[in-house]
Amino acid sequence: MADRLYLRHSTDRQTDARQRHALAPLLAAGAPIYEDPATSTRQLSLDRAGFTGLLNEAAVDDTIRIADAARLFRSVADILALRPVLIRRGLHLRVESGLLSGIDLASDDPGTKMMVNALASVLEFQRDMISENTREGVAAEASGKTLGRPTALDPDQAAKVVEAFGEGTAVKALARQHQVDPKTIRRVLDAAGARELPEQLDALTDPATEQQPEPDPVITLDLPGLLADHLLAGGDETVRTALASGRTIRRGQGHSLRITAPLELHRTALQQAAALATDTANSAERKAHRVYATRITAAT
């Protein structure tokens with residue numbers, strides 16, 4: 001009745017850091033690891049070298065543990081081929097994170113079979129959409145097109161913004177003039193380096209003033225629960241201490257942690273949760289990272 005861990009990522013540019021984080025207690029306990037690095041989900045799990053090695057070494061009542069279902073299967077065809085093999089060998093399959101945690105996906109009952117097949121259909125749809133978007137992006141790049149939301153200001157308008165700012169027009173006045181958010185104006189100015197102090201002005205700065213940096217503002221922000229869980233497990237002591245003093249805010253089935261702390265600490269927490277913004281993170285984790293980053297940007 002041993003635990004056996006399976007890890008997989010699709011390309012050489014991806015890592016298994018998030019998977020190892022989800023499986024950390026089992027890794028610490030010394031559970032054996034079987035890996036299929038840089039392996040597409042279009043290759044059925046039963047045809048992968050790492051997973052085949054796991055099956056060859058597994059005994060009856062052993063449990064295969066994965067960080068999320070998409071690491072093992074992402075199509076109906078795959079799970080239809082996989083489940084009978086697991087059932088016939090008396091093996092269990094459990095996901096260590098998300099809504100499916102605690103459920104044996106190799107259980108031979110109608111309810112589990114229906115749920116697993118529905119999940120596989122969703123994962124297959126996600127994979128196909130990713131492939132379609134990738135193809136569209138490649139085709140657009142080849143034809144010289146740019147996908148995504150158009151910029152709020154065209155190059156001529158951006159040049160006029162930079163020129164007006166240099167003449168003394170305030171950011172908010174420029175935003176009203178061009179009917180855009182002040183953040184859009186700031187991004188244009190920062191891209192042009194227009195908000196940087198001239199070298200001559202730097203040279204005239206009072207040294208006494210330089211030694212007294214502006215105090216870091218203390219702000220209150222809601223940290224998404226997925227990021228909070230990640231940081232409580234892997235953040236440094238300063239971040240964990242700040243999280244421990246936060247207040248839990250429930251929203252439906254999810255939650256946030258309301259934290260009052262210096263702005264720099266919020267930025268540090270965002271950096272330490274950077275793993276949730278990578279391709280190895282799931283969509284909910286990437287969205288949570290974007291939401292927190294947006295809140296920090298809006299507070300600056």
Side-chain angles (χ1 to χ4, degrees), residues 5-24 36-43 45 65-79 93-103 105 115-138 140 147-149 221-235 248-257 266 269-298:
L5 314 183
Y6 178 70
L7 296 84
R8 182 197 65 81
H9 53 269
S10 300
T11 69
D12 290 331
R13 292 181 295 177
Q14 297 176 339
T15 70
D16 55 12
R18 187 180 64 84
Q19 297 176 65
R20 288 180 178 274
H21 174 72
L23 300 169
D36 279 311
T39 304
S40 170
T41 50
R42 294 192 180 279
Q43 182 179 20
S45 54
R65 298 189 181 272
I66 52 180
D68 65 78
R71 297 307 95 205
L72 182 56
F73 60 87
R74 208 160 191 169
S75 71
V76 176
D78 200 350
I79 194 61
L93 174 61
R94 296 186 182 275
V95 179
E96 292 303 303
S97 61
L99 297 176
L100 296 176
S101 58
I103 301 175
L105 300 184
M115 179 188 66
V116 171
N117 287 346
L119 171 65
S121 297
V122 173
L123 294 175
E124 184 173 7
F125 173 75
Q126 290 178 337
R127 183 192 66 189
D128 291 343
M129 289 302 297
I130 292 171
S131 298
E132 181 178 342
N133 291 338
T134 300
R135 288 194 297 270
E136 289 179 357
V138 171
L147 296 181
R149 185 174 62 183
L221 293 178
D222 286 353
L223 174 68
L226 288 173
L227 266 68
D229 293 343
H230 177 82
L231 291 169
L232 285 170
T248 300
I249 307 298
R250 296 289 177 183
R251 290 187 176 89
Q253 295 182 345
H255 74 283
S256 297
L257 204 58
H266 287 286
L270 184 68
Q271 291 174 354
Q272 293 182 12
L276 303 189
T278 64
D279 291 340
T280 59
N282 60 43
S283 58
E285 291 170 334
R286 292 195 297 271
K287 179 180 179 181
H289 192 278
R290 287 197 304 272
V291 167
Y292 190 41
T294 300
R295 291 171 181 168
I296 293 175
T297 301

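The figures here come from the full heavy-atom set of this structure, side chains too, leaving out hydrogens, waters and symmetry mates. Please read all numbers here as calculations on a predicted model, not as lab measurements.
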> T280 vs Q19, test: side-chain contact (heavy atoms from CB on, under 4.5 Å). Steps then yes/no.
CA-CA 8 Å; T280 59; Q19 297 176 65; 5.9 Å; no

> Over all heavy atoms of both residues, which pair between L23 and Y6 is shortest? Give the atoms and the distance, please.
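Distance-wise, the nearest heavy atoms are CD1-O, 4.5 Å.
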
> May I have the step-by-step check of side-chain contact (heavy atoms from CB on, under 4.5 Å) for D222 and L257, ending in yes or no?
CA-CA 5 Å; D222 286 353; L257 204 58; over 6 Å; no

> Answer yes or no: is there a side-chain heavy-atom contact under 4.5 Å between T15 and T278?
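A side-chain contact is absent here, since even the closest heavy-atom pair is not under 4.5 Å.
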
> Which heavy-atom pair separates Q14 from D279 by the least distance, and what is that distance?
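Shortest heavy-atom separation between Q14 and D279 comes out as NE2-CB, 3.6 Å.
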
> Salt bridge check, D16 against R71: does any charged N sit closer than 4.0 Å to a carboxylate O?
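No, no charged N to carboxylate O under 4.0 Å.
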
> Drop me the distance from D229's CG to L223's CG, to the nearest 0.5 angstrom.
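That separation rounds to 9.0 Å.
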
> Just how far is it from atom CG of L105 to atom CD1 of I79, taken to the nearest 0.5 Å?
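Going from CG on L105 over to CD1 on I79, the span is 7.0 Å.
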
> Can you name the closest pair of heavy atoms from L276 and L226 and give their distance?
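Closest approach of L276 to L226, heavy atoms only: CD1-O, 3.9 Å.
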
> Please test Q43 against D36 for side-chain contact (heavy atoms from CB on, under 4.5 Å), starting from the C-alpha separation and ending with a verdict.
CA-CA 11 Å; Q43 182 179 20; D36 279 311; over 6 Å; no

> Can you measure from CZ (R8) to CG (D68) and round to the nearest 0.5 angstrom?
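Here the rounded value is 8.5 Å.
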
> Quick check against the 3.5 Å criterion: does E285 have a side-chain atom that pairs as donor or acceptor with the backbone of N282?
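Present.
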
> Checking side-chain contact (heavy atoms from CB on, under 4.5 Å) against P224, which of R295, H289, H255, K287 comes through?
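Among the candidates, only R295 passes.
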
> Under the 3.5 angstrom rule, does the side chain of R65 hit a backbone N or O of E96 as a donor-acceptor pair?
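No: the side chain of R65 does not pair with the backbone of E96.
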
> Hey, could you give me the CG/CG distance between L221 and L270, rounded to the nearest 0.5 Å?
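Result: 10.5 Å between the selected atoms.
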
> Grab the two heavy atoms, one from H230 and one from A273, that are nearest each other, plus how far apart they are.
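For H230 versus A273, the nearest heavy atoms are CD2-CA, 3.8 Å.
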
> Is it the case that the side chain of R18 and the backbone of A275 share a donor-acceptor pair, with hydrogens and angles ignored and the cut-off at 3.5 Å?
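Not confirmed, R18 side chain does not pair with A275 backbone.
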
> Carefully, step by step, assess V95 and I103 under the rule side-chain contact (heavy atoms from CB on, under 4.5 Å).
CA-CA 7 Å; V95 179; I103 301 175; over 6 Å; no

